[in-house]
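Before any comments, here is the structure.
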Amino acid sequence: MTQNQYDVIVVGAGNAALCAALSAREHGAKVLVLERAPEAERGGNSRFTAGAMRFVHRGVDDLRRIMPDLTDDEVARSDFESYDADRYFDDMFRLTQYRTDADLTEILVRSSYDTMQWLHGRGMRFAPMWGRQAFKIDGRFKFWGGISVEAWGGGPGLVEALYASAARAGIEIRYEARAVALRFDGTAVHGVEVRRRDDMESLEAKAVVLACGGFEANPEWRTRYLGPGWELAKVRGTRFNTGDGIRMALDIGAAPYGNWSGCHAVGWDRNAPEFGDLAVGDNFQKHSYPFGIMVNAHGQRFVDEGADLRNYTYAKYGRAVLEQPNQFAWQVFDNKVLHLLRDEYRIRQVTKARADTLPELAAKLEGVDPQGFLDTVRRFNDAIATDVPFNPAVKDGRGTKGLDVPKSNWANPLDEPPFEAYAITCGITFTFGGLRIDHQARVVDGDLRPIEGLCAAGELVGGLFYFNYPGGTGLMSGSVFGRLAGRTAATA
Ligand SMILES: Cc1cc2nc3c(=O)[nH]c(=O)nc-3n(C[C@H](O)[C@H](O)[C@H](O)COP(=O)(O)OP(=O)(O)OC[C@H]3O[C@@H](n4cnc5c(N)ncnc54)[C@H](O)[C@@H]3O)c2cc1C
């Protein structure tokens, strides 16, 4: 056993952790960051992301403050919608069926733009999401769905910039350093016990920030808390988020909080590997389903693919796919919409079928009842209100009538060859249940009293998300609460 002294120890080194470390350092603390992964795999789930960030802004002038490189020409060609606090609140409340913790949401929403400026001031760069969050309508890029900005270089770019900023601030980071327990004297936390390869170390600090992810990469916990079948989900990101931070805190009496049986999960290539692949990033996802249909092994549709803009449905549809026989589905499109398919449909590692007729396609959909599929398409095609114009950038109301499973927007008959289909299963992103924090990001105990010396941020905080999630909020909440946790820990 060796002893070291720090003001603040941050556990984890993804977005939330690095924001906490930077913020603690700015408030005068000597900071140590512990990362379980080897250096080559650093950056957690944050590195696997597209870097999409959801924050309040009043339109192009606010965006220019965090993207000073934006040219007049780019501005002229773009319709950046504004996203005010009321819309953010509405999205959080509506999607979580009014269960989100109102105090945490208030902090998230009200601090979001200021935190974007804070990140920008520390060297993080941002760019408009032309490719994924805008459609060209009448020669202009129309942004939709409440997000228009991503980190420069996506998740990898964001993480690199955060690490560079941490290096400039003189923050020490140790890799392959897995925190296994908190040093706790019954009333306060004084550091962590760490396993580093074959060595155990006991590290002392005035405060600890837990920012080491949820339990999405732990199949046993997934089955225990999310339910039977969840061990079969593929993990979209890092293999290192196995719930250590949550367990360490619960072990000393922290309060569990939030939607423990809920998670963010999406449609993900059926043959994707067990964990995320940094070379592929988020491209195993298949997010263009609003423009086609999804069928299960019986050839039947099972969700309203056009219920809402993609940002507001994708995070819950992974669960719907997991619940289908053999946990798979095929997404089917015809020639009319192939140009709308996102870039992730064109990667090499894709499970795809293509045909010039529907019967020929039906025979290629592995695991699907062909007649069931053909019946579904016929009924679907007949049910569409084709007099309503199709518009991918808004909820166009071009829906179906009379189907047991409706499609509310963007319904097009599948009738123009070639037809393409993509096989997906469920890919889990992160878990919703976790620790309870107060308005200063302090972890509270079962009596709802702050545990002295313990803060938390990022995925392992419970109470923000229930059932569903508005895209781009994971990174934003990690930055907001990471920054807050770092400040609280430094001034503890
Ligand atoms: C494929 C994919 C795409 C996504 N796209 C987006 C997007 O575009 N926008 C968005 O907002 N969100 C997105 N998300 C969600 C987003 O990744 C998370 O909400 C966010 O990154 C979580 O940040 P974090 O810092 O809490 O966790 P992480 O970034 O996962 O960091 C946790 C870190 O803790 C480390 N760790 C774990 N256990 C220990 C331990 N015992 N000791 C020390 N270290 C430990 C891990 O190795 C990891 O580095 C995406 C997620 C995935 C997987």
Side-chain angles (χ1 to χ4, degrees), residues 9-21 32-39 41-55 129 132-133 147 149-151 154-155 158-159 162 173-182 192-196 208-218 234-248 263-266 268 272 275-278 280-285 287 311 314-315 344 427-432 434 456-461 464-465 469-482 485:
I9 291 177
V10 178
V11 181
N15 171 59
L18 293 170
C19 288
L32 173 68
V33 173
L34 300 172
E35 170 54 54
R36 177 178 170 187
E39 188 169 354
E41 292 178 75
R42 70 182 186 178
N45 272 350
S46 305
R47 187 167 160 194
F48 286 86
T49 70
M53 312 280 279
R54 181 176 292 268
F55 58 93
M129 291 188 79
R132 288 183 167 185
Q133 281 302 137
I147 359 179
V149 173
E150 65 190 355
L158 173 71
V159 163
L162 285 165
I173 301 176
R174 293 191 197 164
Y175 298 100
E176 296 178 76
R178 180 178 186 179
V180 292
L182 293 164
V192 289
E193 310 289 345
V194 185
R195 195 168 73 218
R196 244 188 136 190
V208 171
V209 178
L210 294 172
C212 49
F215 58 86
E216 57 275 1
N218 181 338
K234 311 248 182 186
V235 177
R236 297 179 67 207
T238 177
R239 62 195 165 101
F240 296 105
N241 289 357
T242 54
D244 282 4
I246 297 173
R247 180 192 48 74
M248 281 185 268
C263 67
H264 180 305
V266 308
W268 193 245
F275 300 109
D277 175 344
L278 282 168
V280 178
D282 66 0
N283 282 315
F284 287 121
Q285 68 202 8
H287 283 353
N311 305 74
Y314 78 113
E344 69 232 15
I428 183 167
T429 319
F430 67 93
T431 43
F432 289 161
E459 278 179 5
L460 52 59
V461 169
L464 270 170
F465 308 117
Y469 154 105
T473 316
L475 290 173
M476 197 68 253
S477 65
S479 296
V480 165
F481 290 102

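Start at 1 and go down the list; that is how both ligands and their atoms are numbered. Just so we're clear, the structure is a prediction, and the values are computed from it rather than from any experiment.
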Applying side-chain contact (heavy atoms from CB on, under 4.5 Å) between V11 and each of L210, D244, L460, report the one that passes.
L210

Are E216 and R236 ion-paired here, with the side-chain N under 4.0 Å from a carboxylate O?
no

I need the contact residues for ligand 1: any residue with a non-hydrogen atom closer than 4.0 Å to the ligand, ordered by chain then number.
V11, G12, A13, G14, N15, A16, L34, E35, R36, G43, G44, N45, S46, F48, T49, A50, G51, A52, A177, R178, A179, A211, C212, G213, R236, G237, F240, N241, D244, D282, T429, F430, G458, E459, Y469, G472, T473, G474, L475

Hey, can you tell me if Y469 and H264 have their rings parallel, tilted or perpendicular (30° and 60° cut-offs)?
perpendicular

Rounded to the nearest 0.5 Å, the CG atom of D282 sits from the CD atom of E344 at a distance of 7.0 Å

Is the backbone of G44 close enough, under 3.5 Å, to the side chain of N241 for a donor and an acceptor to pair up by distance?
no

Look only at the side chain of R36 and the backbone of F240, and say whether a donor-acceptor pair between them is shorter than 3.5 Å.
yes

